[in-house]
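Below is one structure, written out as structure tokens; the observations come after it.
Just the heavy atoms: all of them, side chains too, but no hydrogens, waters or symmetry mates, feed the values below. Labels below follow one simple rule: chain letters A, B, ... track the order of the sequence lines, proteins then strands, and each chain is numbered from 1.
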2 protein chains.
Amino acid sequence: MRHRGYAGVGMKDIAEASGAPIGSLYHHFRAGKVAIAREALRNAGAAYGLLIPTIIDAYTDLGEAVGGVFDQAAEDMEATGFANMCPVASVAAEVADTVEELRQATRDVFDGWIDGGTAYFVARGLDDRFARDLTVALIGALEGAFLLARALRTTEPLLAAGRTLAPQYRGIALARVSLPPTVGAES
Amino acid sequence: MRHRGYAGVGMKDIAEASGAPIGSLYHHFRAGKVAIAREALRNAGAAYGLLIPTIIDAYTDLGEAVGGVFDQAAEDMEATGFANMCPVASVAAEVADTVEELRQATRDVFDGWIDGGTAYFVARGLDDRFARDLTVALIGALEGAFLLARALRTTEPLLAAGRTLAPQYRGIALARVSLPPTVGAES
DNA sequence: GTCTATAGGACGATAGAC
DNA sequence: GTCTATCGTCCTATAGAC
């Protein structure tokens, strides 16, 4: 679904990919396709929520950390042949104006990432409001750079975002603490 | 198409919206739906290419200019009820891995915006490479913030992006020249 | 609970009268 | 060039045998 979009993937595809026949899907997800998509978004959200904090955990300087996030993203993207890096973004763009129930699911995922990231940065010693702005801007810049990189098939957008965002944070220290266990785990 | 996605809009919808019957569409666009989408992307790209430069043209300080872009975007978005601000982004996300021909069309649009924006900033006195990084990062940050804002139905992502990007550019002067006539006009 | 068969309708595309 | 009628295929969802 991250590759073909919500409207672009059929129940037949889901059945084929999961190995189960269509009837079984409707037995477990009585609400049909929307329910499956909702679950998929929830799962993807939980799985990816810790990704940014995990990368940043290796750094003690905020500038290097931010640069590291985009460098890592660029590397991964090139290694995977510019596949879709974020399992939520393309669906979010598609359903925001059309399937209100799924829009809410994507909102919950993003809210979870923002709250989790903010809590992580606060735990690392940053001010509340600063941590939240940074998290929101970081996720936004990443999603936008992913979009451009996939369309252009170049890592330039990711590298440019890193070069643009990182320098101003050089010299801001990140306190050395380990990942809090609950960060971003739930939406 | 910006609202419902490429797969989500049918030829019937296009015919209805345009007033012409389906047969006429296939007469003018022999390649069918893909050709129509390609043209729509080209048009949207040309129409929106001058948008950022137009906003920035009112400023002489780069920091205020960048802040102004995001503030303006936030205002527009709230005023339109969080409708899709960019007619290319959602389609780009959808077709990047699926319809190669349309991926190339979105690439051409983005390339045009990047080249046009870079040329604009250079005309305003910025260094080549700096201008290009700034343009790419700006477009990326905008697209990402649009995505988050539509999902969350909040202007926070746009405002946070502005607060995060703008301050480092305060004090950098933009030379006072008018818009070059060719900027971003063609892909 | 699992799975097959199929309903009912929308899809992109075409044929061909005007 | 314009438009209508329709093709064949695919869709989501369901019914019902096992």
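- Sorted by residue number, the members of residues 10-29 of chain A with any non-hydrogen atom under 4.0 Å from DNA chain C read A/Pro21, A/Gly23, A/Ser24, A/His27, A/His28.
- Applying the side chain to side chain contact (heavy atoms under 4.5 Å, CB included) rule to B/His3 yields the partners A/Asp97, B/Ala83, B/Asn84; only residues at least two apart in sequence or on another chain are considered.
- In summary, B/Arg153 and A/Glu100 engage in a salt bridge, as defined by a charged side-chain N under 4.0 Å from a carboxylate O.
- Looking at heavy-atom distances under 4.0 Å, A/Val9 makes contact with sugar-phosphate atoms alone, never a base.
- The only option from B/Leu51, B/Val66, B/Leu62, B/Leu138 that meets the side-chain contact (heavy atoms from CB on, under 4.5 Å) definition with B/Ile56 turns out to be B/Leu138.
- Applying the side chain to side chain contact (heavy atoms under 4.5 Å, CB included) criterion to B/Ala35, with sequence neighbours excluded, gives B/Phe29, B/Ala31.
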Could you tabulate the donor-acceptor pairs under 3.5 Å formed by side-chain atoms of residues 68-79 of chain A, not counting sequence neighbours?
{"residue": "A/Gln72", "atom": "NE2", "partner": "A/Asp76", "partner atom": "OD1", "Å": "3.1"}

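- Classified by interplanar angle (parallel below 30°, tilted 30° to 60°, perpendicular above 60°), the ring pair A/Phe130/A/Tyr169 is perpendicular.
- Listed by chain and residue number, A/Arg176 satisfy the side chain to side chain contact (heavy atoms under 4.5 Å, CB included) test with A/Thr60 (two or more places apart in sequence, or in another chain).
- Of all nucleotides in DNA chain C having an atom under 4.0 Å from a heavy atom of chain A, the first and last in 5' to 3' order are C/dG1 to C/dT4.
- Contact record, B/Tyr26 with B/Met11: CE1-CE, 3.3 Å, taken as the closest heavy-atom pair.
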